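So the structure is just underneath, and the comments pick up after that.
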Amino acid sequence: MTEQAHNEYNAMDDDAFRVMVHEWIVENYPQELRFKPYRMHWDEIGDWYLTLSKKGWLTPAWPAEYGGMGLDANKLLIFMDVCESYGVGRTPDMGITMVGPLLIQHGSQEQKDHYLPRILAGEYIWCQGYSEPGAGSDLASLQTSAVRDGDDYVVNGHKIWTTLAMDANMIFLLVRTNKEGKKQEGITFLLAPLDTPGITVRPIINLGMHDEFAEVFFDDVRIPVANVVGGENKGWTIAKALLGHERIFIGSPKFAILAMARLKSLAKTVGLFDDPIFVERYTRLQLDIDDLFATYKRFVEVLKRGGTIGPEVSMLKIWNTETQQRLTELMMEAAGENGGIQDGIATDDGLVRPAGEVIGSRPSTIYGGSNEVQRNILAKAVLRLPG
Ligand SMILES: Cc1cc2nc3c(=O)[nH]c(=O)nc-3n(C[C@H](O)[C@H](O)[C@H](O)COP(=O)(O)OP(=O)(O)OC[C@H]3O[C@@H](n4cnc5c(N)ncnc54)[C@H](O)[C@@H]3O)c2cc1C
């Protein structure tokens, strides 16, 4: 697709663009994969990755010169909104949302030429090796070591909570290359094929009984120095920049709005709208969602004007994820003794699975920086409270 074609997307009328994306998605996204309550594996969602790739719509935020759609912030938000509303599942997208943008900004020409086309083609599927058993919120404490030996680093250590590592063939990871001085200044960003000798991936089963993440062990793994992005001991700054981008997307109110619609169907089915206590709690939640939507729109407007979003976006992540949890808990209560039925409860608007909803909403207050840590950010960087 040419750069001109991409500029035409941005020049399109918003509604026309929305209709075009919606129509193509309805035509091409498999009906049976809509609104899946778990992260799908490659064998379920891989074809969709490749369909998007063929269409040239896999990487809406990448610049056109690197094979992306080159959408501006406004069109990108419309694109995401259409996908979320239709219940399009996430592909294994670490290459699209993290490695690709990072290489575009910080990679060498050779790295861009090698990795970007392979991400677009679905040849390289990535996982993120940041967290360790002793380094999650305090990520800078990570201990996985990389010791220089000729043209390689020899890597030893243990990563954990690595989402969909079992589907990936590449990992991007943070390693310690210097134990002296400030811990943030001894961290390096590395890329490695997962079939490198010495790497072992062990799946972890989550609360919903899905193997969505894994542990990854490194045992004398040789990774070429050429696989460093951004220079030795410079990994922290670039990794941190990526985490900031996540928060506006985690803040999208769409999931809460859709979950509210399911709560409404369920409450109608079980006759709870005659119960004043339920109605009061339901109304409170609706008002929480209205607040969430208003806050989200405010951040979106900043992006649309080409501005940058500051630490106050942590507020959005907190409010969204906690509203979702309150909502799913009310859904569970509303379902009463049927809340745990795995096949779901039939309503006029389809099946509702309260237990799956509760379980599905739990991790959101942990990933992308836990909500306690987001509160610390607000306290320090926004409210300027003493540390
Ligand atoms: C679904 C899911 C997918 C994930 N995918 C990945 C992935 O692909 N790659 C990856 O590298 N990681 C991934 N993670 C890991 C995630 O980044 C960490 O779980 C997160 O950073 C929290 O770290 P932790 O689990 O070690 O908890 P800890 O940091 O040990 O925190 C434990 C508790 O203490 C609280 N706490 C910690 N520090 C403070 C503080 N200073 N002040 C107040 N409270 C504090 C936390 O909020 C939390 O409640 C994933 C996690 C989840 C849940």
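Index from 1, following the sequence. We use all heavy atoms of the structure for the numbers below, so side chains are in, but hydrogens, waters and symmetry mates are not. Counting convention: from 1, in listed order, for ligands and their atoms alike. Nothing here was measured: the structure is a model prediction, and the numbers come from that model.
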For A192 and L173, the nearest pair of non-hydrogen atoms, with its separation, is CB-CD2, 4.5 Å
Identify, for [atom], the protein heavy atom at the shortest distance, and state residue, atom and that distance.
atom                    : result
atom 19 (O) of ligand 1 : I366 CG2, 3.5 Å
atom 42 (N) of ligand 1 : N376 ND2, 3.0 Å
atom 52 (C) of ligand 1 : Y367 CB, 3.8 Å
atom 24 (P) of ligand 1 : G136 CA, 3.9 Å

Option set [options], criterion heavy-atom distance to [atom], minimum:
atom                    : options                : result
atom 14 (N) of ligand 1 : F172, W126, F213, W161 : W161
atom 48 (C) of ligand 1 : R362, E372, K159, Q374 : E372
atom 17 (O) of ligand 1 : S370, S131, S137, G134 : S131

Ignoring hydrogens and geometry beyond distance, is a side-chain donor-acceptor pair present between Q374 and S314 at under 3.5 Å?
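Side chains of Q374 and S314: pair found under 3.5 Å.
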With a 6.0 Å cut-off (strictly less than), is the heavy-atom count around CG of D151, excluding the residue itself, greater than 12?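 Result for CG/D151: open.
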Requested in this report: Using a strict cut-off of 4.0 Å, indicate which atoms of ligand 1 neighbour a heavy atom of M94.
Outcome: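 Under 4.0 Å from M94, ligand 1 has these atoms: 8 (O).
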Carboxylate-amine/guanidinium contact R281 E333, below 4.0 Å
yes
Thinking salt bridges, do R353 and D343 make one under a 4.0 Å N-O criterion?
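Salt bridge: no.
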If we only consider heavy atoms of E132, is any one of them less than 4.0 Å away from an atom in ligand 1?
no
